[in-house]
Each structure stands twice: as C-alpha cells, then as structure tokens.
Protein chains: 2
Amino acid sequence: MTNKYLTIHNDIVQQIETGEIKPNSLLPSENELKDRYNTSRETIRKALNLLSQNGYIQKVRGKGSIVIKGAKLNFPVSGLVSFKELADKMGEKPITIVHELELWKPDEYIRQQLNLSNKDTVWKISRIREFGGEKIILDKDYLNTKIVPHITKEICESSIFYYLEHELNLSISFAKKEIVIEEPTEEDRALLDLEGFHNVVNIKNYVYLEDATLFQYTESRHRPDKFRFVDFARRNPL
Amino acid sequence: MTNKYLTIHNDIVQQIETGEIKPNSLLPSENELKDRYNTSRETIRKALNLLSQNGYIQKVRGKGSIVIKGAKLNFPVSGLVSFKELADKMGEKPITIVHELELWKPDEYIRQQLNLSNKDTVWKISRIREFGGEKIILDKDYLNTKIVPHITKEICESSIFYYLEHELNLSISFAKKEIVIEEPTEEDRALLDLEGFHNVVNIKNYVYLEDATLFQYTESRHRPDKFRFVDFARRNPL
DNA sequence: CAAACAAACATGTATATACAAGTTGTTTGA
DNA sequence: TCAAACAACTTGTATATACATGTTTGTTTG
C-alpha cells in the first residue's frame, strides 16, 4: 500500500529498462496515462517528474515525454549508494576485510569534519575492499557515537548502511561528496595493492540523517585505474 | 513576468545565501509562506521541492523544512555548468588558448561517442585553460556540424555555451558525465604543465539538447592536483 | 499552390479542497 | 505523578478545474 505516483514511476521504469518502451520514442500523453492508471493528471505528472529527475525521460512542452537512450544502463556511482548495494548491482563479488574497528577520540581534522566537541568520541572503522584478489579500495569511516552507540565487526563486514537503516532505524537522507586526487599515504601503500600507481582517488562523504544532522564522515580511497564516476546532470534554468 | 514558484524559490535562495535565514533553522510553514507570498500551498510546495532538490533545505514530515548548513557555499562542479560560468563563480581569471579549431572527419571513437554516420563531420576544438600562468586544463570539444554549422575562434575564446544558447538559440538541457583517471597522452604532455604528475583526470561529457538529441562530446582533461568535484546527493527511496 | 489560420493536442502553471500521517505540547484521567 | 489521549500543528498524497503556452496537422483562404 504505497503511493500511487511512486508505483506508476516504478512501473514505467521497468518498462523502459526491459525495453518494452523503446529509447527515443514518446511516452503516452499525460491524459492517456491518467486514464490507463485510473488516476488524476497531477499524480501522473509527479511520476513523470521523478522519471525526468532520474534521467529516464526528457519532457518537451507541446510534444511529450521522450525516453532517453541508455537511461541507467550506465549505472550511476553518483547518488547516495552504499558500497554493498553498488557491488550487488555490478554483480562483482568483493571481499571486505575489517582492518580496524575502535572507539576513538577524534583528532582535530575529524572533529572539524563532523562538527564535534573535544569530549565526543567516534567509531573509527577502516576496511579494505578486495576484487579478484586485488586490494583496490580503502574505506575509512568515522561515526558519531552519540548516534551509533554500538557496532560490531560482523556488521562492518556486511553493510554498515543496512545496519543503520534497518536495525537502528536511522533514515539516511542526503550526503555531500567531494572527489579529489591525492598522493598515497603510508597507510594506502601498506594496505592497498597500488602497483606503482602514484595517486589515489579520495571520495570524501559527509552523510546526513533525515533531520539534517551530520553523523558520518567517510573517506573512500580508490586505486585510480579502478575508479569510475558516472553522473546525470540537468541544466538549471537561471 | 516569470513563474511564481521560481520567483519564490529564488527569493528564498537569496535569503539563505545572505544568511538572512540561518542554517539549521526552520523555514516558515507552507501555510504561512502561502499567506506571505499570497499564493496557494501547492505553489509554495513546488518552490520548496526545488530547494530540496538543490540541497538548500531538508523537508521533514510533521516538523518543517530545515535549512541545510553550508548550502551551496561549496559550489558544485556537479550539474551542467560551462567552464566560463564556473570560473566566474569562483572569481578566478583564467586565460583560454584556442589551440585547434577545424572541421573534422571524425574517427571511429568520436563517431561512436556521438552516434554519427561515416559521412558526418564535426567541429574539433581544442582549448587550453591557464590559471596563474599554469596550463591546467585541456578541453577537447566535438560538435555535430548538422546542429552547429558555424563557429569562430572568438566564440571559442569566450564561451561556446553562451553562443549556443543565446546566438543559435539551442536549449541545452542535460548531460551525462563520466570521470576517470588516465595516463597523460603525448598531447597532454605537450600542451599542459604537468610537472611530473603521472595522471590526468578525464571528465567526459555527453551533452544533449531539449529534444534529447546528442550534439556534443567533450573531454575535459585536468591536472590532478587542481581537480575537485563536489556533489550533493539524496538517497533514493527504493 | 503557398501562406495564413484554426483546431486539436501536448505539457506548464496556478488554485482549491480533502484527507492521510508524523510531531509536539497540553490536557485529562487513573 | 505519570502515562494515555487529545488537539493543534506540520508535511504528504490525491483529486478537480481552469487557463497558459508550445507543437502539429489539416483546412481554409488569397
């Protein structure tokens, strides 16, 4: 018993992804969809606007809604997706090694990133992601202990996101991310199979809850040859 | 005489950016805004949803709309923004050197990227961006001549985007982008001040018009130390 | 035969109403 | 005193209607 417009959205997404609706063709008009789904035009429009935001269709006034070619076949690394969800989608079978898991008194840098006081503590988690025998990614997470009091090695091995959302019932709602290229640290060299690469890609993630409180800072350090970021962007009307 | 909801959106954006409305505070309720702006609640909701999409506010059911801290101070390299617009925002004063501008019979790779036939031609443009005396970025553009018949060196020196939108009246509407790390090519080494860096950041851009036709492919090759990508992402409800 | 016009149809904006559902503070009752 | 119930807020969803504006197509008109 979920929303109507989300149901319609998902239905159309499925039709696009299975090829039932062809790229570069027009979707049925809003009025026709309204009749088909037995609903009002506004509800249809909500569904279509979602499709537009997600890069599935392009709405053109006076014409209709064009299905964008290759929509989401190139899955986005953009958006807010956990490593596990991502790996699942790609069909890869990575191994996660929990290298470090401790209650930690944050240093100045992490205190700043998470807006913490001197008394606060964080969970410091460091995990290595291995693909096909190669250690490719080093994930370093810092979680505010006021929001996440307990965590175990087992959770870190499967999915922290899943634990937060389904066990602690925290609703993660948005993130700011920053991508920069850096020289490998000693730690990077020690833990990753860098094979002579001179840089790592550092994806810094600031993760927020539904009430806009910052609770997690993550650095995801990738070997440059295995890094790929795909994004869909609309031009904002000024 | 533009839209109401866009006007309201922009008005609130301004209040947030000038600090008139403080971060982590609540916006007035939708009903109050409705009265203030003398409009209907739905119109207010459209404005607020735009603010939410753009990372300015976080809406919480039952509570209200929280103003997100640091909204857009960290300007996004994400989104679909031209180099000139970006440089303007940052207050940098870059120099653009047009290194190459020619009508070109595309090779296999570019034909594939732009979905062209063997007979089509493209504008091949290669520009170097210089900051503070250092050649940092190499932009390589390929434009479908069927859509852009003419272009001049002067245009390339100022802003291609501006020319397309304001002179040719093309409406650029969305882009797919991909970011990867590559080894510098001979060309990169010759044209950029790489100073011993072993990689370049390659931002591939596929730019589409309003009617969903692909008309431009761009590679923006950055020196890694000067590269920074900032993004705002919402978690999609499954 | 071509240009002008009109009709039909597409999406965009604005408004109104009703109810659902989550949050918060207050009142009520045991 | 304390907890449950309630009232008064908040945002979310669904529907209906009207008109604006852009596109296409066919028809009329000169």
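Residue numbering restarts at 1 for every chain, and letters A, B, ... go by the order of the sequence lines. Predicted model, so just to flag it, every value in this text is computed and none were measured.
- Residues passing the salt bridge (charged side-chain N to carboxylate O under 4.0 Å, His left out) test with A/E210: none are found, sequence neighbours excluded.
- Overall, the helix from C/dC1-D/dG30 to C/dA30-D/dT1 carries an axis bend of 10° between its ends, with five pairs at each end and the value rounded to 10°.
- A search for salt bridge (charged side-chain N to carboxylate O under 4.0 Å, His left out) contacts involving B/D120 returns B/K146, not counting sequence neighbours.
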Expected string for nucleotides 4-14 of chain D under the B/S/- scheme (protein heavy atoms, under 4.0 Å, primed atoms plus P, OP1, OP2 as sugar-phosphate) is ------BBBBB

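- Atom C1' of nucleotide C/dG22 and atom CD of A/E210 are separated by 10 Å, given to the nearest angstrom.
- Here the closest non-hydrogen pair linking B/T43 and B/Y5 is O-CB, 3.6 Å.
- Residues passing the salt bridge (charged side-chain N to carboxylate O under 4.0 Å, His left out) test with B/E108, sequence neighbours excluded: B/R111.
- Between B/F174 and A/F232, the two ring planes are tilted [angle within 30° to 60°].
- Atom NE2 in B/H9 sits roughly 13 Å away from atom P in C/dT13 (whole-Å rounding).
- Remark: A/D107 pairs with A/W104, A/Y109, A/I110 by the side-chain contact (heavy atoms from CB on, under 4.5 Å) rule, at least two apart or across chains.
- Taking atom CD of residue A/Q58 and atom P of nucleotide D/dT23, one finds them 13 Å apart after rounding to whole Å.
- Considering B/Q113, B/K177, B/Q216 in turn, B/Q113 is the only one that fulfils the side chain to side chain donor-acceptor pair (under 3.5 Å) rule with B/Y206.
- When rounded to the nearest whole Å, the span between CD1 of A/I66 and P of C/dA10 equals 15 Å.
- Here the closest heavy-atom approach between residue B/L214 and residue B/V207 is recorded as CD1-O, 3.4 Å.
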